[in-house]
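Notes to accompany the following structure.
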Amino acid sequence: MLYFIYNRKWCNVIELKDIKKTYKSKKGLPTEALKGVNIKFGDKGLCFVLGKSGSGKSTLLNILGGLDNYTSGDIIINGKSTKNFTETDWDAYRNTYIGFIFQEFNLLDNYTVEDNIKLSLELQGKKCSEEEVKQALRMVELDDVLKRKPNELSGGQKQRIAIARALINNPKIILADEPTGNLDEDNEKMIFQILKDLSKEGKCVIVVSHSNEVKSYADKIIKIANGKLVK
């Protein structure tokens with residue numbers, strides 16, 4: 001197994017080098033989703049990725065998270081190329097290095113908040129104590145909902161639980177795809193502030209968003225169009 005995955009002192013930088021991604025349509029025609037993306041991400045800070053629908057921003061996020069493979073180029077993680085990564089390497093990378101937050105909360109209504117958060121680790125064969133769950137919930141200011149079920153909570157509370165779930169494995173990088181897309185303005189500001197606070201505490205947070213509020217929180221803003229970085 002790769003050393004950097006288990007030694008968090010090494011977790012400093014991800015660099016994309018000429019990343020290209022091509023999909024094939026049902027008719028076999030190629031579609032270029034990313035057209036040679038070059039960018040570096042540091043070990044902390046809040047970065048927003050902006051672009052119109054179909055611009056390639058979600059593809060970029062999925063490739064960063066190891067959810068999708070790139071067609072060509074390379075991703076360098078702490079000086080190590082991923083070109084020769086096996087599926088086991090990618091699994092370890094996702095499970096120990098990345099925390100995912102999605103627009104849809106992906107919570108199980110028949111599970112308590114505690115069980116929803118524990119589940120992400122249990123699926124990896126890991127155990128999680130109640131105190132560890134409480135600590136994750138404190139980070140999103142929700143330590144009083146441990147035994148409640150998601151259908152008893154508001155949309156803003158559900159998204160904060162989803163963030164707590166992403167934090168339970170202490171990831172170095174948090175990837176969020178439209179995390180406030182289903183929320184009102186007040187809850188959007190609360191979620192962005194939580195992500196901003198996490199970015200100050202030594203985590204790299206990368207957010208795909210359509211929000212007009214990002215300038216108030218961003219350390220870096222990336223704009224993407226037609227599969228290329230434009231700013």
Residue pair [X] / [Y], side-chain donor-acceptor N/O under 3.5 Å:
X: Asp89; Y: Thr86; result: yes
X: Asn170; Y: Lys203; result: yes
X: Ser211; Y: Glu188; result: yes
X: Tyr23; Y: Asp68; result: yes
X: Gln159; Y: Asn187; result: no
X: Thr112; Y: Asp115; result: yes

Exercise. Is the Trp90 ring parallel, tilted or perpendicular to the Tyr93 ring (thresholds 30°, 60°)?
Worked result: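 Ring orientation of Trp90 relative to Tyr93: perpendicular.
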Problem set entry | Test log, rule side-chain contact (heavy atoms from CB on, under 4.5 Å), inputs Ile174 and Ile98 | CA-CA 6 Å; Ile174 296 173; Ile98 303 292; over 6 Å; no
Do [X] and [Y] come close enough that some side-chain heavy atom pair is under 4.5 Å?
X: Phe41; Y: Ile222; answer: yes
X: Glu15; Y: Ile39; answer: no
X: Leu137; Y: Val113; answer: yes
X: Lys24; Y: Leu29; answer: no
X: Gln124; Y: Asn169; answer: yes
X: Phe192; Y: Ser209; answer: yes
X: Lys17; Y: Ile75; answer: no
X: Lys35; Y: Lys20; answer: no

Exercise. For the side chain to side chain contact (heavy atoms under 4.5 Å, CB included) test, which of Leu229, Asn38, Leu34, Leu60 pairs with Leu16?
Worked result: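 The option that passes is Leu60.
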Exercise. Can you tell which of Val207, Ile206, Val214 makes a side chain to side chain contact (heavy atoms under 4.5 Å, CB included) with Val49?
Worked result: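 Of the listed residues Val207, Ile206, Val214, the side chain to side chain contact (heavy atoms under 4.5 Å, CB included) partner of Val49 is Ile206.
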Taking atom [atom1] as the centre, does [X] end up with more than 12 heavy-atom neighbours from other residues, nucleotides or ligands that are less than 6.0 angstrom away?
X: Asn151; atom1: CG; result: yes
X: Glu213; atom1: CD; result: yes
X: Asp109; atom1: CG; result: yes
X: Asn226; atom1: CG; result: no

Over all atoms of both residues, closest heavy-atom pair of [X] and [Y]:
X: Asn95; Y: Lys126; value: O-NZ, 4.2 Å
X: Arg165; Y: Asn116; value: CD-O, 3.8 Å
X: Lys220; Y: Lys40; value: NZ-O, 3.1 Å
X: Tyr97; Y: Pro171; value: O-CB, 3.7 Å
X: Ile117; Y: Ala164; value: CD1-CB, 3.9 Å
X: Leu64; Y: Leu175; value: C-CD1, 4.0 Å

Are [Y] and [X] linked, directly or through intermediate hydrophobic residues, by side-chain heavy-atom contacts shorter than 4.5 Å (ILVMFWY only)?
X: Ile168; Y: Phe100; value: no
X: Tyr217; Y: Val208; value: no
X: Ile163; Y: Leu146; value: yes
X: Leu107; Y: Met139; value: yes

Can you tell me how far the [atom1] atom of [X] sits from the [atom2] atom of [Y], to the nearest 0.5 Å?
X: Asp177; Y: Ile101; atom1: CG; atom2: CD1; value: 10.5 Å
X: Asn69; Y: Asn62; atom1: CG; atom2: CG; value: 11.0 Å
X: Ile19; Y: Ser72; atom1: CD1; atom2: OG; value: 7.0 Å
X: Asp91; Y: Thr96; atom1: CG; atom2: OG1; value: 10.5 Å
X: Glu114; Y: Leu119; atom1: CD; atom2: CG; value: 12.0 Å
X: Cys128; Y: Leu121; atom1: SG; atom2: CG; value: 5.0 Å

Exercise. Do Lys118 and Glu122 pass the salt bridge (charged side-chain N to carboxylate O under 4.0 Å, His left out) test, and can you show the C-alpha distance, the side-chain angles, and the key distance before you say yes or no?
Worked result: CA-CA 6 Å; Lys118 284 183 174 181; Glu122 290 172 352; 5.7 Å; no
Strictly distance-based, threshold 3.5 Å: is any side-chain N or O of [X] a donor or acceptor partner for the main-chain N or O of [Y]?
X: Lys57; Y: Gly51; value: yes
X: Arg138; Y: Asp143; value: no
X: Arg160; Y: Ile191; value: no
X: Lys52; Y: Ala225; value: no
X: Thr22; Y: Glu32; value: no
X: Asp74; Y: Thr82; value: yes
X: Gln193; Y: Met190; value: no

For this session: Could you point out which residue of Glu130, Glu131, Glu132 forms a side chain to side chain donor-acceptor pair (under 3.5 Å) with Lys134?
Result: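 Exactly one pass, corresponding to Glu130.
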Does the pair [X]/[Y] count as a salt bridge with the N-to-O cut at 4.0 Å?
X: Asp219; Y: Lys196; answer: yes
X: Glu152; Y: Lys147; answer: no
X: Lys189; Y: Asp186; answer: no

Exercise. Run the side-chain contact (heavy atoms from CB on, under 4.5 Å) check on Gln157 and Leu142 step by step: do they pass?
Worked result: CA-CA 8 Å; Gln157 288 174 314; Leu142 268 183; 4.0 Å; yes
Problem set entry | Where at least one partner belongs to residues 116-157, residue pairs that pass ring pair (Phe, Tyr, Trp, His ring centres under 6.0 Å), sequence neighbours excluded |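 Every candidate ring pair (Phe, Tyr, Trp, His ring centres under 6.0 Å) pair involving residues 116-157 fails, so no pair, neighbours aside, qualifies.
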For this session: Could you walk me through whether Lys172 and Asp43 pass the salt bridge (charged side-chain N to carboxylate O under 4.0 Å, His left out) test, one step at a time?
Result: CA-CA 8 Å; Lys172 192 61 184 175; Asp43 61 351; 5.1 Å; no
